[in-house]
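Take a look at the structure set out below.
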Protein chains: 2
Amino acid sequence: MHQPEHLKNAGLKSTVPRLKVLSLFESGTERHMSAEDVYKLLLASGDDVGLATVYRVLTQFEQAGLLVRHYFEGGKSVFELNQGKHHDHIVCLQCGRVEEFYDAGIEARQEKIASDRGFSIRDHALHIYADCTKKQCPHKV
Amino acid sequence: MHQPEHLKNAGLKSTVPRLKVLSLFESGTERHMSAEDVYKLLLASGDDVGLATVYRVLTQFEQAGLLVRHYFEGGKSVFELNQGKHHDHIVCLQCGRVEEFYDAGIEARQEKIASDRGFSIRDHALHIYADCTKKQCPHKV
DNA sequence: ATGCAAATGATAATCGTTCTCATTTGCGAT
DNA sequence: ATCGCAAATGAGAACGATTATCATTTGCAT
């Protein structure tokens with residue numbers, strides 16, 4: 001069990017709600033979760049943390065670099081464990097499933113485009129919205 | 001004056017609020033505007049349309065293909081005239097300025113990535129968030 | 001064990017957006 | 001022109017996601 005170290009390293013004291021949220025992400029049950037998702041999953045497993053706390057903790061984890069926040073279409077933001085390596089996303093419009101990808105060529109071209117125009121990139125988001133043509137895509141997640 | 005034709009072609013009857021919103025976009029004052037931006041600019045120029053109407057009209061124009069909607073970070077959506085040619089965006093984090101770009105190589109790679117994984121692209125959004133290094137970037141727009 | 005700053009949770013508040021519904025308007029038929 | 005009515009509007013309520021408030025609880029250094 002190394003979660004407390006993660007929190008300590010991030011300058012956050014290890015409290016019950018923070019440990020629960022972190023281990024939910026580390027459990028790998030769902031890689032991409034909204035605040036609502038986290039809240040409901042915790043409730044379902046008998047741990048009751050307040051919704052406000054979930055929001056606070058997610059934001060703190062994002063600032064601490066433990067989680068990455070994504071703004072997908074539809075308004076609500078989604079979080080995932082920060083595993084160091086940047087990647088982009090394909091979101092299935094049918095089932096909401098999120099798949100990750102990385103393409104060095106795309107990354108390189110973005111850098112060139114930005115610098116050609118006098119910008120220095122701080123962040124970027126490439127979201128592909130698509131229909132997955134596989135049959136394991138029946139329902140909304 | 002050809003706005004009424006645009007509306008007619010889109011199957012929308014030409015009403016005062018719709019014409020005002022459309023000509024605001026066509027005036028080129030601001031290329032990218034949120035509902036709030038449109039509402040305030042119209043009020044400022046003496047035309048008072050209701051906020052609800054602005055939202056409705058923007059959504060209708062999007063559905064009719066007259067406008068394109070973008071979901072940038074920060075939650076609120078932003079609209080721009082649909083000029084047929086797809087492009088992506090660089091958003092300056094300092095001044096909020098939005099610059100457009102198109103890169104055939106990036107487009108092609110996206111297609112390949114998606115089809116390799118069994119997805120068919122319906123839409124995509126590539127947003128680069130950056131600092132523009134030029135001096136004409138003093139303030140928040 | 002003790003104290004206190006930091007964290008929590010219930011609730012109110014906020015923000016962008018959509019809905020409701022009574023009133024107004026565009027426009028085809030007269 | 002003008003009548004009639006479906007469609008559109010506007011004011012305000014409602015809504016969903018998120019943030020702020022604040023009294024109570026908790027982690028943890030002493």
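Remember, it's a predicted structure, so these values are computed and weren't measured experimentally. In what follows, chains carry the letters A, B, and so on, assigned in the order in which the sequence lines appear, proteins first and then strands, with residues in each chain numbered from 1.
R69(A) contributes no side-chain N or O that, together with a main-chain N or O of E62(A), makes up a donor-acceptor pair within less than 3.5 Å. Judged by distance alone, the side chain of T53(A) and the main-chain N or O of V49(A) form no donor-acceptor pair under 3.5 Å. No donor-acceptor pair closer than 3.5 Å links the side chain of R122(A) to the backbone N or O of D131(B). In this structure, the side chain of Y129(B) does not engage the main chain of A125(A) through any donor-acceptor pair within 3.5 Å.
The distance between atom CE of M33(B) and atom C1' of dG16(C), rounded to the nearest whole Å, is 18 Å. One can place NZ of K76(B) at 12 Å from C1' of dT17(C), the figure rounded to the nearest angstrom. Here dG16(C) presents its C1' atom at 17 Å from CZ of F72(B), a figure rounded to the nearest Å. Distance L58(B) CG to dA8(D) P: 15 Å, rounded to the nearest Å. In this entry the distance linking CD of E73(A) with C1' of dG16(C) reads 16 Å, nearest Å. What separates CZ of R69(B) from P of dT18(C) is a distance of 6 Å, to the nearest Å. In this entry the distance linking NZ of K20(A) with P of dA7(C) reads 17 Å, nearest Å. We find that CD of Q63(A) is positioned 10 Å from P of dT19(D), with the value rounded to whole Å.
Residues satisfying the side chain to side chain donor-acceptor pair (under 3.5 Å) test with E111(B), not counting sequence neighbours, are none. Scanning for side-chain contact (heavy atoms from CB on, under 4.5 Å) contacts around V68(B) gives H70(B), E80(B), N82(B), with sequence neighbours left out. For the side-chain contact (heavy atoms from CB on, under 4.5 Å) test, residues two or more places apart in sequence or in another chain that qualify with K76(A) are S34(A).
Between P17(A) and the choices V21(A), L19(A), T15(A), the side-chain contact (heavy atoms from CB on, under 4.5 Å) rule is met once, by T15(A).
One finds no side-chain N or O of Y55(B) lying less than 4.0 angstrom from the OP1 or OP2 phosphate oxygen of dT18(C).
Where the helix from dA1(C)-dT30(D) to dT30(C)-dA1(D) starts and where it ends, the local axes point in directions that differ by 20°; five pairs per end, rounded to 10°.
Here the straight-line distance linking atom CZ of F25(A) with atom CZ of F61(A) works out to 9.0 Å at 0.5 Å rounding.
When side chains are defined from C-beta on, L7(A) does not count as touching K13(A), because their heavy atoms never get closer than 4.5 Å.
Ranking dG10(D), dT18(D), dG9(C) by closeness to the L51(A) side chain, first place goes to dT18(D).
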Can you name the atoms? Protein N/O to nucleotides 20-30 of chain D N/O, anything below 3.5 Å, with the distance.
from	atom 1	to	atom 2	distance (Å)
dC28(D)	OP1	S14(A)	N	3.4

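When heavy atoms are screened at a 4.0 angstrom cut-off, S77(A) is found touching the sugar-phosphate backbone but no base atom.
Ring geometry, H32(B) versus F72(B): the interplanar angle falls from 30° to 60°, so the pair is classed tilted.
Near DNA chain D, meaning a heavy atom under 4.0 Å away, there are no residues from residues 35-45 of chain A.
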